[in-house]
Amino acid sequence: MDSPYKDLDRPPLREAALRRALLVPGGLWRELDVLPETGSTNADLANRADEAEGLVLVAESQVAGRGRLDRRWTAPPRSGLAVSMTLAPNEVPVARWGWLPLLAGVAAASAVSRVAGVDVRLKWPNDLLVGERKLAGILAERAGSSVVLGIGLNVSLHEEELPVPTATSLFLAGAESTDRDPILRALLREVEEWYTRWRLAEGDARACGLAAAYTDACATIGRRVRVELPAKPTLEGPATGIDDEGRLLVTGPEGQVAVGAGDVVHVRPAA
């Protein structure tokens, strides 16, 4: 078996150090594991949905990683971050749970911008962008009374390793650092901070400042977009904002439409 230290540009994550930094008394995160390889971190945690929230699972390699709509997500071992976590905001109305992937986007963009020095923007509902190229994706899935929130971030991929030409990585974006340990620590701390604020506000994204933070970071709002909906005509028009449930507001021929993440194939700038 190949040693994880064979590629010195892609060292393994330091599991013990991550646990010391993140598993603190009174904190959200109560268990953190780093696997050499797994099929899907989201699927692994979905199988543990009956446990208390605060589980974090990271994989150095995913062989069956998934994005939205079951799109495949692959990357060379240790070239990115594939992390999933369990959250159970049971005091928050379920109608507001649509904010969770947006919350993760705000947290990830803030962490990556601060640690790696890269200007990151958000594409509704679940992508992180550098310019118009995708740096990371977010997948939120219900599992029992919990939500499994997964984030896949491209860190050290070179151009020839990208899964699609429209993707990018921190390395290709000229990041100041591609050390995954501090990026992961910052990411999980940001998620915990925003999640705590949002939960204490009973999911009111405007009251806790999440809506304003998302709007400031979102590249979709204010642009003309095309939304392809299953079994419905394509909706095209300006994206004007986000409603109280985290849905994208698009002004079409028949007026303003609130687009839910469960109905959207993709949103992109119109040609």
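None of the values given here were measured: they were computed from a predicted structure. By convention here, the first residue in the shown sequence is residue 1. Excluded from the calculations below are hydrogen atoms, water molecules and symmetry mates; all remaining heavy atoms, backbone and side chain alike, are included.
A salt bridge is absent between R121 and E132; no separation between the charged side-chain nitrogens and carboxylate oxygens falls under 4.0 Å. Comment: E190 does not engage R185 in a salt bridge, judged by the lack of any side-chain N to carboxylate O separation of less than 4.0 angstrom. The residues E51 and R48 are annotated as salt-bridged, a charged nitrogen and a carboxylate oxygen being separated by less than 4.0 angstrom. Under the 4.0 Å criterion applied to side-chain N and carboxylate O atoms, E161 and R78 are not assigned as salt-bridge partners. Between D179 and R14 a salt bridge is recorded (basic side-chain N to carboxylate O distance below 4.0 Å). Between E176 and R114, no side-chain nitrogen of the basic residue sits less than 4.0 Å from a carboxylate oxygen of the acidic one, so the salt-bridge criterion is not met.
Taking the centre and axis of the six-membered ring of W99, the NZ or CZ atom of R96 falls outside the cone set by 45° and 6.0 Å.
With a 4.5 Å cut-off on side-chain heavy atoms, V250 and P238 do not count as touching. L18 is listed as a side-chain neighbour of L184, based on a closest heavy-atom distance under 4.5 Å. Between L235 and R226, every side-chain heavy-atom pair lies at or beyond the 4.5 Å cut-off. Proximity of V130 to V118: side-chain heavy atoms (C-beta onward) are separated by under 4.5 Å at one or more points. I221 is listed as a side-chain neighbour of I242, based on a closest heavy-atom distance under 4.5 Å. Side-chain atoms of I183 and L153, non-hydrogen and from C-beta on, do get closer than 4.5 Å to each other. Looking at heavy atoms from C-beta onward, W198 lies in side-chain contact with V92 at the 4.5 angstrom threshold.
Around atom CD of E202, no more than 12 heavy atoms belonging to other residues, nucleotides or ligands sit under 6.0 Å away. For E254, the CD atom is loosely surrounded, since the number of other residues' heavy atoms within 6.0 Å does not exceed 12.
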### Query
Could you go step by step and tell me if Q62 and T41 meet the side-chain hydrogen bond (donor to acceptor under 3.5 Å, both in side chains) rule?
CA-CA 8 Å; Q62 277 196 131; T41 54; 3.2 Å; yes

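Transitive grouping of hydrophobic side chains (ILVMFWY, heavy atoms separated by less than 4.5 Å) brings L87 and V106 into a common cluster. Cluster annotation: I151 and L129 are assigned to distinct hydrophobic clusters (Ile/Leu/Val/Met/Phe/Trp/Tyr, side-chain heavy-atom contacts under 4.5 Å, transitive).
Summarising the geometry of R19 relative to L32, their closest heavy-atom pair is NE-O, 2.7 Å, with the distance given to 0.1 Å. Of all non-hydrogen atoms in N90 and S145, the two that sit nearest each other are OD1-O, 3.3 Å. Nearest heavy-atom pair across V148 and T86 is CG2-CG2, 4.2 Å. The minimum heavy-atom distance between R10 and S156, with the atom names listed, is NE-OG, 2.8 Å.
Remark: L102 CG to I138 CD1 distance equals 8.0 Å, nearest 0.5 Å.
Between the S84 side chain and the N42 main chain, a donor and an acceptor come within less than 3.5 Å of each other.
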